[in-house]
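Along the sequence shown, residues are numbered consecutively beginning with 1.
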Amino acid sequence: MKFFIDNIFVIGIVALSGGALLWPVLTQRGKRATPHEVTVLINGGKATIVDVRDATEFATGHLAGAKNIPLADLDSRIGELEKAKSKCVILVCHSGARSGAAAGKLLKAGFTDVVNLDGGVAAWQKANLPLVK
């Protein structure tokens, strides 16, 4: 017991750090897929790719066939994806954080097959997969 009392601040920091590391996993929305898994979905031909980065980021390079709907505009433009409700929707951003938030919005709107590109465009590039401008 003395150990816990003497080290309460260290224990608190360890608990807080562990919680911070687990937070992204616990708040994940939709499925996550690696760049390789996403290429399989794309090649299957029944996937819609939505890039939720802003227009300037999108212009620097994006997945072929991706539709750009920035996360800030997603609520007002979700109707543009109505035809894709029955298809797989692949969400992409730079690192996977914004696309995770977008996945939550799409799931609330009734989309059933929502996939988040794990690691985003950064992971896509690291896997040496092509981007178009």
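A salt bridge links E57 to R98: one of the charged nitrogens lies within less than 4.0 Å of a carboxylate oxygen.
In this structure E80 satisfies the salt bridge (charged side-chain N to carboxylate O under 4.0 Å, His left out) test together with K67, R77, sequence neighbours excluded.
The heavy-atom pair separating A84 from V89 by the smallest distance is O-CG2, 3.7 Å. Scanning both residues, I49 and A64, for their nearest heavy atoms gives CD1-O, 3.5 Å. Counting all heavy atoms, side chain and backbone alike, V52 lies closest to C93 at CG2-CB, 3.8 Å.
With H62 contributing its side chain and L131 its backbone, the two residues share no donor-acceptor pair below 3.5 Å. Looking only at distances, a side-chain donor or acceptor of S76 sits under 3.5 Å from a matching main-chain atom of D73. Panel note: side chain N116, backbone G96; a donor-acceptor pair is recorded below 3.5 Å.
To the nearest 0.5 Å, atom NZ of residue K85 and atom CG of residue D113 are 14.0 Å apart. To the nearest 0.5 Å, the span separating CG on L107 from NZ on K31 amounts to 9.5 Å. Here the CZ-CD1 distance, from F58 to I69, works out to 10.0 Å after rounding to the nearest 0.5 Å. T39 OG1 to L129 CG: the interatomic distance, rounded to the nearest 0.5 Å, is 6.0 Å. Note: L91 CG to L106 CG = 5.5 Å, rounded to the nearest 0.5 Å.
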Legend entry - Criterion side-chain contact (heavy atoms from CB on, under 4.5 Å) on T60 and V121, from CA distance to verdict: CA-CA 11 Å; T60 63; V121 172; over 6 Å; no
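Within the structure, ring-ring contact (aromatic ring centres under 6.0 Å, His included) contacts touching residues 75-133 (residues at least two apart or in different chains) do not occur. Residues in residues 44-55 take part in these side chain to side chain donor-acceptor pair (under 3.5 Å) pairs, two or more places apart or across chains: D51-R53, D54-T56.
Inter-residue side-chain proximity for L117 and S99 is flagged as unmet; no heavy-atom pair is nearer than 4.5 Å. Between V38 and V92 the shortest side-chain heavy-atom distance does not fall below 4.5 Å.
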